[in-house]
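Any value given below was found using the heavy atoms of this structure, including those in side chains, with hydrogens, waters and symmetry copies removed. Numbers here simply count residues along the sequence, with the first being 1.
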Amino acid sequence: MVEDCSLVNKDAFGTKPHKKYPVLLRTVVLTLVMISSIYICSICLKQNGFLISPNVMRVEIMNEPCRRPDIPASELHYIHYPEPTTYNRDECACTPVRYFAILSMQRSGSGWFETLLNSHINISSNGEIFSVKERRSNISTITATLDKVYNLDWYSSSSKNECTGAVGLKWMLNQGLMRNHEGIVEYFQNRGVSAIFLLRRNLLRRWVSILANSHDREAKQLNGTHKAHVHSRHEADILARYKPLIDVNKLIVDFKQTSKWCADALHYFNGTRHIILYYEDLILNRTKLVDVLDFLRMPQRELKSRHVKIHTRPLSDQIENWDVVSQSLEGTEYESFLQSDYGK
């Protein structure tokens, strides 16, 4: 009997608990772990834009940008869908926008060229924004200004009521561009900004235009007001009457500095998407504008400007001391500037 009792006690209190309870406990713990894992995974997936429904996993990208299957993969870096903070693009929300910057120097035809672009219903170029020193004081203020322009939050007379397809600005090389070129190149590459270089071959004609514009800033020949650009032949003829007396030594210095700046700028921005235009080519062959619209991937249409060219006569009729200037440039690398390079 003692042996039987001990066997009963052994079965009741020894062997059975060690076999039953640990298995049950492990099952409960494993179940809790599985439930917790599924819950955590579902939370993470929802936060990353995935939705899970019972028995079926449905993947959905939330806030997916507008799809344009006609745009090749190589172009995707250069198209954007801005979300302005000051208004809603509404029906234009899925119109892709390209970013550009006209890089030039004063009196190189950039003002005229920009008005041509702005005559296109889908292009907005916002002018010489960085002429204001505070906006170009450092790379931070520069990028903040660019962000505002490219987000379509910059308001100017060029802003379009129709869907904007390309937005940009005009930027002179001496307006913080060369001093901060490393940060600006990085910005252009990261944001997919295309550069349009507009240069002038004949630096002597450019110098005449600079001196004439500087003179009018003081003389204010048009009814007491200064105009860098005019819209009538009469006003152009009045401004063209001034014939500057050119300091040849300063002239050569300007030629060298301008040539170096242009070469350096082309070198700095060589790794960005860009196109190089020359003012003289645009004057002589307006079909060059087709290349610009193709570059911006904009629909072809006629571009117009109200600007009237001021200096149209031969250089010999526009420089007071022409004999001195011509003798100084003959036989030099700048001799070609003495020739007329366009017929109107």
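Between H80 and Y150, the gap from one ring centroid to the other reaches at least 6.0 Å. In this structure, F255 has its ring center closer than 6.0 angstrom to the ring center of F337. Ring to ring, F269 and H274 are not that close: their centroids are 6.0 angstrom or more apart.
Linking Ile, Leu, Val, Met, Phe, Trp and Tyr residues whenever their side-chain heavy atoms come within less than 4.5 Å places L277 and L296 in a single cluster. Clustering ILVMFWY residues whenever any of their side-chain heavy atoms sit less than 4.5 angstrom apart, transitively, puts V292 in a cluster other than the one holding V97. A continuous path of hydrophobic side-chain contacts links L282 to M298 [ILVMFWY only; heavy atoms under 4.5 Å]. Hydrophobic clustering of Ile, Leu, Val, Met, Phe, Trp and Tyr side chains at less than 4.5 Å, counting indirect connections, unites I210 with L315. Note on F197: it clusters hydrophobically with Y268, by side-chain heavy-atom contacts below 4.5 Å among ILVMFWY residues.
The backbone N or O of L239 lies less than 3.5 Å from no partner atom in the side chain of H215, so there is not a single donor-acceptor pair. Side chain of N122 to backbone of A166: no donor-acceptor contact under 3.5 angstrom is found. Between the side chain of S259 and the main chain of K256, no donor-acceptor pair closer than 3.5 Å is present. With Q318 contributing its side chain and R313 its backbone, the two residues share a donor-acceptor pair below 3.5 Å. Here the side chain of N321 pairs a donor or acceptor atom with the backbone of I246 at under 3.5 angstrom. Under the 3.5 Å distance criterion, the side-chain polar atoms of R286 are left unmatched by any main-chain donor or acceptor of I283. With hydrogens and angles ignored, the 3.5 Å screen pairs a side-chain donor or acceptor of T141 with a backbone N or O of R135. With E114 contributing its side chain and G127 its backbone, the two residues share a donor-acceptor pair below 3.5 Å. Although no hydrogens or angles enter the test, the distance criterion places no donor-acceptor pair under 3.5 Å between the side chain of N126 and the main chain of L169. Using a distance-only test at 3.5 Å, with no hydrogens or angles considered, a donor-acceptor pair links the side chain of H181 to the main chain of M178.
Crowding of K148 atom NZ: a count of heavy atoms from other residues, nucleotides or ligands under 6.0 Å not exceeding 12. Counted within 6.0 Å of CG on N190, heavy atoms from surrounding residues, nucleotides or ligands total more than 12; the atom is thus considered enclosed. At most 12 non-hydrogen atoms from other residues, nucleotides or ligands lie less than 6.0 angstrom from CD of E182. With a 6.0 Å radius and a threshold of 12 heavy atoms from other residues, nucleotides or ligands, E83 has its CD atom at or below the threshold.
In this structure the side chain of M172 reaches within 4.5 angstrom of the side chain of S104, judged on heavy atoms. Contact check for N138 versus N180: no side-chain heavy atoms found under the 4.5 Å cut-off. The shortest distance between side-chain heavy atoms of Q189 and H77 does not fall below 4.5 Å. Within the 4.5 Å cutoff, the side chain of L173 has no heavy atoms near those of the D264 side chain. Between F113 and L303, every side-chain heavy-atom pair lies at or beyond the 4.5 Å cut-off. Counting heavy atoms from C-beta on, the side chains of N202 and E280 come closer than 4.5 Å. Side-chain contact between L338 and L204 is present, with heavy atoms from C-beta onward closer than 4.5 Å. Between L152 and Y87 the shortest side-chain heavy-atom distance falls below 4.5 Å.
In this structure, Y99 and P82 approach most closely via the heavy-atom pair OH-CG, 3.9 Å. The two residues V193 and A101 make their nearest non-hydrogen contact at CG1-N, 4.3 Å. Between I310 and A240 the shortest heavy-atom distance is O-CB, 3.6 Å. Residue R107 comes nearest to H229 through the heavy atom pair NH1-CE1, 4.1 Å, listed as atom of the first residue, atom of the second, then distance. Here the closest non-hydrogen pair linking I184 and G176 is CD1-O, 3.9 Å. Heavy atoms only, all atoms of each residue included: I129 and V149 are closest at CD1-CG2, 3.4 Å.
The CD1 atom of I79 lies 3.5 Å from the CD1 atom of I71; values are rounded to the nearest 0.5 Å. To the nearest 0.5 angstrom, L289 atom CG is 10.0 Å from E302 atom CD. Distance check, rounded to the nearest 0.5 Å: OG1 of T258 to CZ of R200 gives 11.5 Å. Distance CG/L251 to OG/S328: 8.0 Å, rounded to 0.5 Å. Interatomic distance, L198 CG to I275 CD1, rounded to the nearest 0.5 Å: 10.5 Å. Separation of atoms CD1 (I102) and OG (S108) is listed at 12.5 Å; rounding is to 0.5 Å.
Side-chain polar atoms of N285 and T287 form a donor-acceptor pair below 3.5 angstrom.
Ring planes of W112 and Y279: perpendicular class, angle over 60° (limits at 30 and 60°).
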Working for side-chain contact (heavy atoms from CB on, under 4.5 Å), residues I252 and T332: CA-CA 10 Å; I252 300 298; T332 71; 5.8 Å; no

Derivation of the side-chain contact (heavy atoms from CB on, under 4.5 Å) call for Q257 and N174: CA-CA 11 Å; Q257 180 179 344; N174 63 350; over 6 Å; no

side-chain contact (heavy atoms from CB on, under 4.5 Å) between R201 and S336, intermediate numbers included: CA-CA 10 Å; R201 287 196 178 95; S336 62; over 6 Å; no

Trace of the side-chain contact (heavy atoms from CB on, under 4.5 Å) decision for M105 with C262: CA-CA 9 Å; M105 300 189 74; C262 291; 3.9 Å; yes

Y187/D147 under side-chain hydrogen bond (donor to acceptor under 3.5 Å, both in side chains): CA gap, chis, key distance, verdict: CA-CA 10 Å; Y187 182 95; D147 284 344; 2.6 Å; yes

Candidate pair S125 and N118, rule side-chain hydrogen bond (donor to acceptor under 3.5 Å, both in side chains), full reasoning: CA-CA 6 Å; S125 189; N118 277 326; 5.0 Å; no

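For residues 114-146, the pairs satisfying ring-ring contact (aromatic ring centres under 6.0 Å, His included) are F130-W171, with sequence neighbours left out.
Note that R273 lies in the cation-pi zone of F295, set by a 6.0 Å cut-off to the ring centre and a 45° limit from the axis.
With salt bridges taken as basic N to acidic carboxylate O contacts below 4.0 Å, one links D237 and R233.
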